[in-house]
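Everything below concerns the one structure shown next.
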Amino acid sequence: MIKISPSVLACDLSRLADEVGVIERAGAEMAHLDVMDGCFVPNMSFGMPVIEALRRHSGIIFDVHLMIVEPEKYAERFIDAGADIVTFHYEAAKDSAALLDLIRSKGAKAAISIKPKTSAQEIFHLLDKCDMVLVMTVEPGYGGQSFMPDMLPKIKALREEIERRGLNVDIEVDGGINPETAKLVKEAGANVLVAGSSVFKAEDRKAAIDALR
Ligand code: DX5
Ligand code: ZN
């Protein structure tokens, strides 16, 4: 099943709760919340207080993408703030296995993300601790960038490894996803699609979500 996770980075952030309500009614399975610290990535967005405030207005699954250094320091607080899925970056974590275990032990789904220059094979040994893996299809930091087709073999390699080992791990993709690139990533084995610009910049969000599916 394909799941759509619109990234609120591209929405009207002054009306965050309303915008999330719109995509929820339009059939999105989750809301993708990008947390940036100005250190792991050259941009800043929002943190736990915003997520906690939004939680009071929405029941949708919060798919929290941590683009921060020292994710082990903050993961638990994001779960307390209302994250349902916590994704951290392999490149940022000191001990990815321990952090995946910690996230699960606190009742959230655990996911690990890799930047474009990190190979799929580097996280193979972590797959049995993951509910989801996130393959970045742009350099993390900004919405509105172009999809990197070079990432397709990486998605394929992960899907093959997950199938070979009989695991139940979602593969999420993030960056430059629109109806054309959605087709490519789905063929390669992705089943969770993050989309910022292609959903929130569209006049009709429901049509945009349906087009991705
Ligand atoms: C980029 C973020 C993305 C971003 C995607 O670093 O992780 O989630 O919002 O935006 P689009 O879909 O516009 O590429
Ligand atoms: Zn993201």
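Note that ligands are numbered from 1 as they come in the structure, with each ligand's atoms numbered from 1 the same way.
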So which N/O/S atom does [X] have closest to the Zn ion (ligand 2)?
| X | value |
| --- | --- |
| H65 | ND1 |
| D34 | OD1 |
| H32 | NE2 |
| D174 | OD2 |

Inset, instruction - Before giving the answer on side-chain hydrogen bond (donor to acceptor under 3.5 Å, both in side chains), spell out for S45 and D34 the whole-Å C-alpha distance, their side-chain angles and the decisive distance to 0.1 Å. - result: CA-CA 7 Å; S45 57; D34 286 303; over 6 Å; no
[atom] - nearest protein heavy atom and its distance:
| atom | value |
| --- | --- |
| atom 12 (O) of ligand 1 | G196 N, 2.7 Å |
| atom 1 (C) of ligand 1 | Y142 O, 3.5 Å |
| atom 11 (P) of ligand 1 | G144 N, 3.6 Å |
| atom 14 (O) of ligand 1 | G176 N, 2.8 Å |

Counting heavy atoms not belonging to [X], are there more than 12 under 6.0 Å from its [atom1]?
| X | atom1 | answer |
| --- | --- | --- |
| K156 | NZ | no |
| D95 | CG | yes |
| Y74 | OH | no |
| R165 | CZ | yes |
| K109 | NZ | no |

Taking only heavy atoms of [X] into account, list the atoms of ligand 1 that are under 4.0 Å away from them.
| X | answer |
| --- | --- |
| D174 | 2 (C), 3 (C), 4 (C), 5 (C), 7 (O), 8 (O) |
| G143 | 4 (C), 10 (O), 13 (O) |
| M67 | 6 (O), 7 (O) |
| A195 | 12 (O) |
| H32 | 8 (O) |
| P140 | 6 (O) |
| H65 | 7 (O) |

Mind checking whether [X] has an N or O less than 3.5 Å away from an N or O of ligand 1?
| X | value |
| --- | --- |
| S197 | yes |
| L9 | no |
| S7 | yes |

Legend entry - R55 charged N/C atom sitting above F62 aromatic ring, 6.0 Å / 45°: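 That pair qualifies as a cation-pi contact.
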Inset, instruction - Could you tell me if any non-hydrogen atom of G141 lies under 4.0 Å from any atom of ligand 1? - result: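 Judged by the 4.0 Å heavy-atom criterion, G141 does count as contacting ligand 1.
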Legend entry - Sub-4.0 Å heavy-atom contact, G175 with ligand 1: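 G175 counts as a contact of ligand 1 under the 4.0 Å cut-off.
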Inset, instruction - Fit a plane to each ring of Y90 and H125, take the angle between them on a 0 to 90° scale, and name the class: parallel (under 30°), tilted (30 to 60°) or perpendicular (over 60°). - result: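 Ring orientation of Y90 relative to H125: perpendicular.
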Legend entry - Worked check of side-chain contact (heavy atoms from CB on, under 4.5 Å) between K73 and R77: CA-CA 8 Å; K73 237 178 169 166; R77 287 168 66 190; over 6 Å; no
Inset, instruction - Let me see the working for D131 and R104 under salt bridge (Lys or Arg N to Asp or Glu O under 4.0 Å), right down to the final yes or no. - result: CA-CA 9 Å; D131 296 295; R104 281 180 159 179; 3.1 Å; yes
Legend entry - Gap separating the CG atom of L54 from the CD1 atom of I60, nearest 0.5 angstrom: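 It comes to 9.5 Å.
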Legend entry - Pairing of E19 and R15 as salt bridge, 4.0 angstrom limit: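 Looking at E19 and R15, the cut-off is met.
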